[in-house]
Each structure stands twice: as C-alpha cells, then as structure tokens.
Amino acid sequence: MAGRIYFDHAATAPIDPRVASAMEMSRREVFGNPSSLHEDGRKARAAVERARGQVAALINCEPGEIVFTASGTESDNLALTGVAEACGVSGIHIITSVIEHPAILETCNYLAHRRAAVTKLPVGSDGIVDPAELQRALRPETKLVSIMAANNVVGTIQLLPEIARIAHEHGALFHTDAVQAAGKIPLNTQKLPVDLLSLSAHKLHGPKGVGALFIRKGTNIGPLIHGGGQEQGLRSATENVAGIVGLGCAAELARTEMAAENVRLVGMRDRLISEVTRNVPGAYLIGHPTRRLPGHVCLGLAGLEGEAIKLLLALDEAGVAVSSGSACSAHHAGEPSQLLIAMGFDPVRARGSLRITLGRFNTEQEMERFLEILPRAVASLRPMTTRPAVAKL
Ligand code: PLP
C-alpha cells in the first residue's frame with residue numbers, strides 16, 4: 001500500500017535523518033553545560049559554536065551576529081520587544097504589515113498596549129507590500145520596520161531589498177521574519193540591508209523548539225529573558241545543545257542543497273499549479289504567480305470556500321496531509337481568513353483556501369498520486385454546494 005503523502009511543510013517539515021543522527025550523537029556524547037570550564041563543558045561549547053557558524057553561513061553573517069532562541073516566535077518577540085525596549089517603547093513608531101504571522105502581530109499589539117504606535121501596512125491582491133506604502137507611513141519617530149520575507153499562508157516573497165533600503169534611508173531598523181524563507185531562498189545579509197532576521201529550525205527539516213535571531217553588530221537591543229547572561233546576555237538560559245546542533249546541521253544541509261532543491265521544487269510546484277487550475281473546476285492560485293516560495297501553492301476553490309475543512313479531511317482520509325491555511329490558526333477554522341480579507345477577498349471567498357507545501361522528501365510519484373486524488377476529493381464535495389464554480393477573487 002502506498003504511504004501517506006506529507007504536503008504541509010509550511011506547518012512543519014519532517015526532520016532530516018542526517019539532522020536526527022547529529023542530534024542523537026550530541027545527546028549521547030555532549031552532555032556538558034556550555035558555560036562550564038571543564039572538558040565536558042568545552043565540548044558542549046564547541047558544538048554550540050560550530051552550529052552558530054553553520055547558521056551564520058546560511059545567511060552570510062558573522063557567527064557572533066547569531067543568537068539562539070527557542071523558536072521563530074521567540075526570535076520575533078526578541079527582535080521587536082528587544083528593540084522597542086532599547087528605544088524606551090512609549091512614543092516610538094513601529095511599522096509592520098497586515099499579513100504578518102501572529103508572532104509579529106501579537107507582539108505589536110502588546111507593544112501598542114505599552115504606548116508604542118503601530119502601523120500595519122496593507123498588501124495588494126498578490127499579498128505583496130508596496131514599498132511606496134512604507135514610504136508614506138514613515139514618521140520621524142519610526143524606529144523599527146518589520147516585514148516578513150515570505151508569507152506562511154500564500155507563500156509570496158516580499159520586495160525586501162527595496163523595503164529595507166527605505167527603512168534604512170529613514171534611519172529606522174529593519175527586521176524580517178524569515179521563518180518561512182530561510183533555507184528555501186537565498187538570504188544574504190551582506191547584500192540585504194537587514195538589521196534583524198528571525199528563523200526557525202523546524203521549517204528547514206530541523207527540530208522543533210529551536211530558532212535563531214540574526215542581530216547585526218552594533219544594533220541597539222535589550223533582552224527578553226534575564227538570567228545568567230548566555231547568548232551575549234540577550235537570551236539567558238542553559239543552551240539547548242542538541243537542538244542547536246540540529247539547527248546548525250539543518251542550516252548547513254539547506255545551504256549546500258538549496259540550489260538543486262529549488263529547481264526540483266519549483267518544477268513540481270509549477271506543474272501542480274498548472275494541472276490543478278486546468279483540471280479541477282473552480283480552482284485558482286492565490287498569491288503572486290512567480291514571487292513565491294519554491295514549494296508553496298495556495299489554492300482557492302470557487303464554490304467550496306466553506307468546505308475547506310471537509311476537503312482537508314477528505315484528503316487526509318485519502319492519505320494526504322495539506323493545510324487549509326496556517327496551522328497556527330487551525331482553532332479559527334471556518335472563520336474568514338484575515339489574511340485573505342487583507343488581500344481583498346470577500347468574506348465568503350476568504351473562508352477557505354488549500355495550502356499545499358512541498359519539501360525535501362516529496363517525490364514525483366507522490367505528485368502523480370495527489371493529482372489523481374485531489375480532483376476526486378473536490379468532486380465528492382461539489383454536489384453539496386450551490387455556488388457556481390467561477391474562479392475570480
Ligand atoms: N513566523 C512565520 C512566518 C511562521 O510561519 C511561523 C510558524 O509557522 C513562525 C513565525 C513561528 O515559528 P515557530 O513555530 O518556530 O515558533
């Protein structure tokens with residue numbers, strides 16, 4: 001019997017066996033506390049520093065510019081709150097976008113309660129922030145701009161170089177949530193004028209519960225977690241050595257395999273988009289057609305918006321794991337997606353989308369099977385709907 005098909009890599013990616021074995025080795029042999037001065041401690045310190053170098057190489061920065069955290073969410077919190085605290089919070093202005101992950105939006109809401117002013121920039125129907133909107137939103141007191149590198153639901157890639165340049169010309173710091181983008185598209189901090197960049201291991205075939213924040217040398221930022229002063233005093237706590245080793249290994253694999261892997265994933269992605277939009281009545285692509293992550297497809301199904309969860313469960317029954325949007329918002333199932341509303345969808349159409357995200361271990365054979373399974377699953381739901389299958393926003 002054919003195995004299950006996992007097409008939900010934007011939610012989390014299965015751990016690469018090479019990462020798992022590096023972590024097992026570390027758990028077995030590197031048990032010391034990296035702050036201890038004896039040999040066992042020094043061994044653990046060396047493992048952490050090796051991983052720091054591997055993560056730094058992924059985004060072309062200095063190892064000393066990487067701070068390890070416990071998640072992408074924590075990296076985002078540290079970037080925003082850490083910079084805001086260093087600027088005094090009250091009265092500062094922060095600019096972000098309406099389509100950011102809750103890790104950014106909720107942190108902005110928290111800072112707004114502490115009297116920071118927050119502007120959330122709109123996006124176009126393709127999910128892209130217009131740099132001219134950023135230019136218009138800047139104020140003398142704007143200290144920080146935070147725009148994600150690529151969106152977790154629709155997969156669109158933002159115009160980062162332009163956005164970062166505008167922020168810098170104004171004298172504001174620029175942060176990007178690159179949790180979905182890191183390890184999937186090239187990110188070069190020597191070329192991109194970014195001050196802070198968040199990433200998370202479990203999105204790049206690494207372990208859950210470990211992330212990193214790039215902080216450009218000289219950036220004024222304070223800690224979120226206070227204690228023994230680890231991670232340059234910005235993230236106190238005894239380091240999660242095995243998790244950090246896993247992130248380092250995952251970063252190195254992503255860096256060395258990215259070019260070839262992207263060609264493969266873009267080929268599968270574009271084939272999926274063209275076959276599904278041609279063969280499944282009412283199916284249309286959501287987001288930008290080309291400025292999208294290599295393995296990321298977000299589909300609308302005209303007339304089936306309210307049935308997105310049923311479709312997801314039908315696919316699950318047929319052995320395929322996909323998502324009806326962001327895993328983080330699964331508990332809001334059935335409600336219109338605020339992200340699709342922000343992209344100009346009406347509330348009915350904003351109720352459903354199908355997110356199909358491919359990764360390292362997916363094969364052409366799995367794609368073939370999916371292309372047979374999806375039309376059948378959609379057809380099984382069609383008679384229950386009355387809306388016409390017209391594919392437009
Ligand atoms: N930012 C984005 C864009 C994400 O997609 C996610 C997770 O889905 C996060 C942040 C949070 O990362 P983590 O799950 O490591 O906390």
Side-chain angles (χ1 to χ4, degrees), residues 6-15 19 55 58-59 66-81 96-110 120 123 127-129 146-158 160 163 175-185 187 194 196-214 224-225 235 240 243-244 246-247 250-251 254 287 291-298 321-332 337-339 342-343 353 355-359:
Y6 186 77
F7 277 177
D8 199 14
H9 290 78
T12 195
I15 196 156
V19 173
V55 175
L58 178 66
I59 57 170
I66 295 293
V67 166
F68 289 117
T69 65
S71 60
T73 299
E74 188 188 317
S75 298
D76 285 344
N77 273 259
L78 175 58
L80 269 55
T81 306
T96 186
S97 83
V98 287
I99 61 158
E100 299 295 315
H101 188 272
I104 295 291
L105 293 176
E106 289 304 322
T107 305
C108 284
N109 290 344
Y110 161 73
K120 294 174 187 157
V123 291
I128 291 181
V129 174
S146 178
I147 303 292
M148 69 202 322
N151 182 263
N152 45 305
V153 179
V154 292
T156 44
I157 299 170
Q158 299 295 335
L160 278 201
I163 297 263
H175 166 252
T176 190
D177 174 344
V179 167
Q180 291 291 337
K184 302 198 190 123
I185 55 172
L187 291 168
V194 60
L196 303 124
L197 180 152
S198 306
L199 57 86
S200 177
H202 75 104
K203 307 289 187 185
L204 41 139
H205 297 281
K208 291 168 186 59
V210 56
L213 179 65
F214 157 75
L224 279 189
I225 297 176
R235 209 285 177 175
N240 168 9
I244 288 171
L247 170 55
R291 284 194 70 83
R292 58 172 49 252
L293 289 168
H296 200 121
V297 180
C298 186
V322 294
S323 168
S324 65
S326 164
C328 308
S329 62
H331 46 282
H332 297 303
S337 149
Q338 288 313 308
L339 181 125
M343 287 169 61
S353 65
R355 183 181 70 177
I356 303 149
T357 46
L358 315 173

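Positions are given from 1 along the sequence. Order of appearance sets the numbers: ligands from 1, and atoms from 1 within every ligand.
Every residue two or more places apart in sequence or in another chain that forms a ring-ring contact (aromatic ring centres under 6.0 Å, His included) with Phe7 is listed here: Phe370.
What you find for Ala251 and Leu58 is that their closest heavy atoms are O-CD1, 3.8 Å.
At a 3.5 angstrom cut-off on N or O pairs, Lys203 counts as close to ligand 1. For ligand 1, the polar-atom distance check finds an N/O of Gly72 within less than 3.5 Å of one of the ligand's N/O atoms.
Side-chain atoms of Thr176 never come within 3.5 Å of backbone atoms of Ala178 as a donor-acceptor pair (strictly under, hydrogens ignored). Under a 3.5 Å cut-off, the side chain of Gln158 and the backbone N or O of Gly127 do form a donor-acceptor pair. Side-chain N or O atoms of Gln180 include none that pairs as donor or acceptor with a backbone N or O of Gly155 at under 3.5 Å.
Atoms of ligand 1 found under 4.0 Å from any heavy atom of Ser200 (numbered from 1 in listed order, with element): 13 (P), 15 (O). With ligand atoms numbered from 1 in the order given, ligand 1 contributes 1 (N), 10 (C) to contacts under 4.0 Å with heavy atoms of Asp76. Those atoms of ligand 1 that come under 4.0 Å of a heavy atom in Ser71, given as number and element, are 15 (O), 16 (O). Numbered from 1 in the order shown, with element, the atoms of ligand 1 that lie under 4.0 Å from a heavy atom of His202 read 13 (P), 14 (O), 15 (O). The atoms of ligand 1 that sit less than 4.0 Å from any heavy atom of Asn152 are 3 (C), 5 (O).
Of the inter-residue distances, the one linking Ser198 atom OG with Leu78 atom CG reads 8.0 Å to the nearest 0.5 angstrom.
Within the 6.0 Å centre-distance limit, the rings of His9 and His205 are counted as a close aromatic pair.
Counting heavy atoms under 4.0 Å from ligand 1, residue Thr73 touches it through both backbone and side chain. Contacts between Glu74 and ligand 1, counted as non-hydrogen atom pairs separated by less than 4.0 Å, are absent for every part of the residue. If you look at Met148 next to ligand 1, the close heavy atoms, those under 4.0 Å, all belong to the side chain.
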